[in-house]
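This one's a predicted model, so the numbers in the text were calculated from it and none came from an experiment. All values below come from the heavy atoms of this structure, side chains included, with hydrogens, waters and symmetry mates left out.
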Amino acid sequence: MSEIIKLIKRVPKAELHLHIEGSLEPELMFKLAKRNKIKIPFGSVDEIKIAYNFHNLQSFLDIYYQGAKVLISEQDFFDLTWAYLLKSKEDNVVHTEIFFDPQSHTDRGIKFDLVINGIHRAILKAKKELGISSKIIMCFLRHLDEQSAFKTLDQALTHKDKIIGVGLDSSEVGYPPSKFERVFNKAMEEGFLTVAHAGEEGPSEYIWQALELLKVKRIDHGVRCLEDEKLVQRLRDDQIPLTVCPLSNVKLRIFKKLKDHNLKMLLDKGLITTVNSDDPAYFGGYLNTNLIKCQMALNLTKGDIKKLIINSFRSSFLSEDKKKKWIEQINKLV
Ligand code: HPA
Ligand code: ZN
């Protein structure tokens, strides 16, 4: 194993773009389907893996929402989150910021409280037993209407102690951030930080809207920003981080091959670029696999890897003190 790959594995890392429902491995999907007596349209783990051949974001989302239907009880959400945190431990991830999609559960009659309590219980255990810190970000599904988002925000108000921010995910094209300006304003009044998926499949205009209307602290994906030089300048001037998910982008055909990915260009333009796994059970790997495959495909230098890892801590919602502590440690190791 090359020195740089050993280094990637060894260094403490943060992950800022991870959908907990997207960490549902086929084996756990089967186990939960059995436990909850839910029929899934797959006969075996191998059949599931064959179905994970996507041609765009929507073809993935259809299967992702289907998979999430096996999650019923608080224990299921605990098991799901705990499994992700154990994987994080293996990868030396010491801080995670986890997205969840409450509407994909409440729309099936699953209680909001049960979902958040299951996820939260697992992150408390991980803090104690694995030394991993976490934050939770609640995403609104942008293919649903504003009213449903407002209702979801209302349900989150009694869990402000557990949820640090709100985000926006699901089908992008045709569902601009502007649709959620009022909900995001209310969320900010309530003290939530904001992030949004933008410029994954959708145009760079959606990134502008996320910045101007939703006042986001980070852009999730954002890889299409390079189509607009003024936008690149704005992202750089305001030091707005991008949570890039390289393996996801290849699986969803945003880029044909990993070697065509613009990650290195984003870095070289001085943007606060980070690497993340998005939906690791569906896209072929967790954080280390994303970093290692990018290093090999794009010839990333030790300096690039160090920058990506430091950027993740810098861009996190950790306190300034904790950020400083981790960055000092990385500076000693790399
Ligand atoms: N994009 C939009 N919505 C999502 C994604 C994504 O990559 N993953 C899970 N929900
Ligand atoms: Zn995502």
Side-chain angles (χ1 to χ4, degrees), residues 16-17 56-57 97 99 137 139-140 142-143 146 165-185 187-188 192-246 248-250 252-276 278 290 294 297-301 303-304 306-317:
L16 308 179
H17 184 155
N56 58 19
L57 174 58
E97 301 196 350
F99 293 134
I137 299 170
C139 286
F140 301 115
R142 66 207 301 161
H143 70 275
E146 185 193 40
V166 300
L168 193 61
D169 67 0
S170 192
S171 323
E172 188 180 6
V173 176
Y175 304 100
S178 56
K179 192 179 154 191
F180 296 94
E181 183 180 3
R182 296 194 306 179
V183 187
F184 269 61
N185 271 330
M188 284 184 277
F192 293 103
L193 301 173
T194 63
V195 298
H197 283 55
E200 178 188 16
E201 269 189 352
S204 49
E205 165 59 19
Y206 286 14
I207 303 177
W208 279 113
Q209 288 186 15
L211 295 171
E212 303 283 331
L213 306 179
L214 309 187
K215 312 277 191 283
V216 295
K217 299 274 185 262
R218 304 193 290 245
I219 296 285
D220 295 312
H221 293 294
V223 290
R224 287 192 59 187
C225 70
L226 293 187
E227 293 167 18
D228 179 345
E229 196 44 52
K230 270 212 171 107
L231 175 60
V232 171
Q233 211 175 333
R234 166 70 184 274
L235 292 166
R236 188 171 47 224
D237 290 350
D238 289 356
Q239 300 278 284
I240 304 286
L242 305 179
T243 64
V244 178
C245 306
S248 161
N249 292 155
V250 173
L252 303 188
R253 318 244 180 128
I254 312 293
F255 299 95
K256 251 201 190 135
K257 293 205 173 104
L258 200 52
K259 73 178 174 40
D260 304 322
H261 199 287
N262 65 10
L263 177 77
K264 172 84 173 153
M265 265 187 273
L266 296 168
L267 260 183
D268 289 348
K269 292 234 175 224
L271 299 176
I272 313 296
T273 312
T274 69
V275 166
N276 307 272
D278 207 7
N290 270 271
C294 283
L298 302 169
N299 259 319
L300 299 181
T301 65
D304 294 329
K306 180 175 178 178
K307 202 178 271 176
L308 288 168
I309 293 173
I310 288 183
N311 281 348
S312 293
F313 286 102
R314 252 183 89 180
S315 311
S316 73
F317 295 144

Closest non-hydrogen atoms of S248 and H221, given as atom of the first, atom of the second and distance, are OG-CE1, 4.0 Å
Counting C-beta onward and ignoring hydrogens, is there a side-chain heavy-atom pair between T243 and S315 closer than 4.5 Å? no
Subject >> Main-chain N/O of T301 paired to D304 side chain as donor or acceptor, under 3.5 Å >> reply: yes
Correct closest heavy-atom pair for V166 and F140 would be CB-CE1, 3.8 Å
Here the gap from L168 atom CG to R142 atom CZ, rounded to the nearest 0.5 Å, amounts to 4.0 Å
d(K217 NZ, L16 CG) to nearest 0.5 Å is 15.0 Å
Smallest heavy-atom separation, T194 atom then M188 atom, equals CG2-CG, 3.5 Å
Side chains of L308 and T273: closer than 4.5 Å at any heavy-atom pair?
-> yes
* Close side-chain approach of V232 and L271, heavy atoms under 4.5 Å -> yes
Those residues at least two apart in sequence (or on a different chain) that pass salt bridge (charged side-chain N to carboxylate O under 4.0 Å, His left out) with D260 are none
Heavy-atom closest pair (G270 atom, R236 atom, distance to 0.1 Å) is O-CG, 3.7 Å
Indicate whether the side chain of T274 and that of N311 have a donor and an acceptor atom separated by less than 3.5 Å.
no
Does NZ or CZ of R218 come closer than 6.0 Å to the centre of the six-membered ring of F317, within 45° of the ring's axis?
yes
Once the angle between the rings of F99 and H197 is folded into 0 to 90°, is it parallel (under 30°), tilted (30 to 60°) or perpendicular (over 60°)?
tilted
Quiz item: With no hydrogens and no angle check, is any side-chain donor or acceptor of E172 less than 3.5 Å from a backbone partner on G199?
Solution: yes
When rounded to the nearest 0.5 Å, the distance separating OG of S170 from NE2 of H143 is 4.5 Å
Evaluate the side-chain proximity of L213 to S178: yes if any heavy-atom separation is below 4.5 Å, no if none is.
yes
When rounded to the nearest 0.5 Å, the distance separating CG of N56 from CD of E201 is 5.5 Å
Separation between CG (L235) and NZ (K269), nearest 0.5 Å, reads 11.5 Å
Residue set satisfying side chain to side chain donor-acceptor pair (under 3.5 Å) with N290, at least two apart, ordered chain then number -> none
Between P246 and L258, the two heavy atoms sitting closest are CB-CD1, 3.8 Å
So does E212 get a backbone contact from the side chain of K215, meaning a donor-acceptor N/O pair under 3.5 Å? yes
Review point. Does the side chain of R314 come within less than 4.5 Å of P241's, by heavy atoms?
Key: no
So D169 and D220, do their side chains get closer than 4.5 Å, heavy atoms only?
no
Distance col, row I219:CD1 vs L231:CG, nearest 0.5 angstrom, shows 8.0 Å
task = Flag yes if more than 12 heavy atoms outside K306 fall under 6.0 Å of its NZ atom; otherwise flag no.
result = yes
Between E229 and Q233, does the side-chain hydrogen bond (donor to acceptor under 3.5 Å, both in side chains) criterion hold? Intermediate values first, please. CA-CA 6 Å; E229 196 44 52; Q233 211 175 333; over 6 Å; no
With heavy-atom distances below 4.5 Å as the criterion, would you say the side chains of H261 and V223 are in contact?
yes
For L298 and L263 the tightest heavy-atom approach is CD1-CB, 3.9 Å
**Prompt:** Considering only heavy atoms from C-beta outward, does the side chain of R224 approach that of Y206 to under 4.5 Å?
**Reply:** no
Donor-acceptor contact below 3.5 Å, side chain N276 vs main chain D278: no
